[in-house]
Amino acid sequence: MAHPLRIRILELLSESDKSVNEIQSLVGSEGSAVSQQLTVLRSKNIVTGTKDGNRVIYSLRDPMIIELLAVARQIFNNHLVETITMLDKFYENETEESS
């Protein structure tokens, strides 16, 4: 799940099942890049693909992935807040030293 496109695909699939073409148009990425990431997600048993005529419809294998994404997003946001706070303190110290 470390790739940004993979995360975006999972976010889209958390909303509803989608075909490759739907995913491509929503992420604005080339078909080969989306297909490559879907292959990785399928090989790790994170998504599943079901044939529907000449289309493959992708869905999350486990709905708990939605919760995992939410927790990961919160962890990232917490770290971002800490980093911003640290940078603010650094900037304040730099400003005080130059005065």
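Reckoned from all heavy atoms, side chains included, excluding hydrogens, waters and symmetry mates.
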For the student: nearest non-hydrogen atoms of [X] and [Y], plus distance:
X   : Y   : value
S43 : V40 : OG-O, 2.8 Å
S25 : E22 : OG-O, 3.0 Å
S19 : I57 : CB-CD1, 3.8 Å

Distance in Å, [X] [atom1] paired with [Y] [atom2], rounded so as to fall on 0.5 Å steps:
X   : Y   : atom1 : atom2 : result
D62 : I46 : CG    : CD1   : 10.5 Å
I23 : D17 : CD1   : CG    : 9.5 Å
E15 : L10 : CD    : CG    : 11.5 Å
I7  : Q37 : CD1   : CD    : 10.5 Å
T48 : Y58 : OG1   : OH    : 9.0 Å

Within-4.5 Å side-chain heavy-atom neighbours: [X] and [Y]:
X   : Y   : result
V56 : L38 : no
L13 : K18 : yes
V47 : I65 : no

From CA spacing to verdict: side-chain contact (heavy atoms from CB on, under 4.5 Å), R55, N21: CA-CA 9 Å; R55 301 182 320 156; N21 289 339; 5.8 Å; no
Check: N78/E82 side-chain N/O donor and acceptor closer than 3.5 Å: no
Salt-bridge criterion met for R8 and E11 (N-O under 4.0 Å): yes
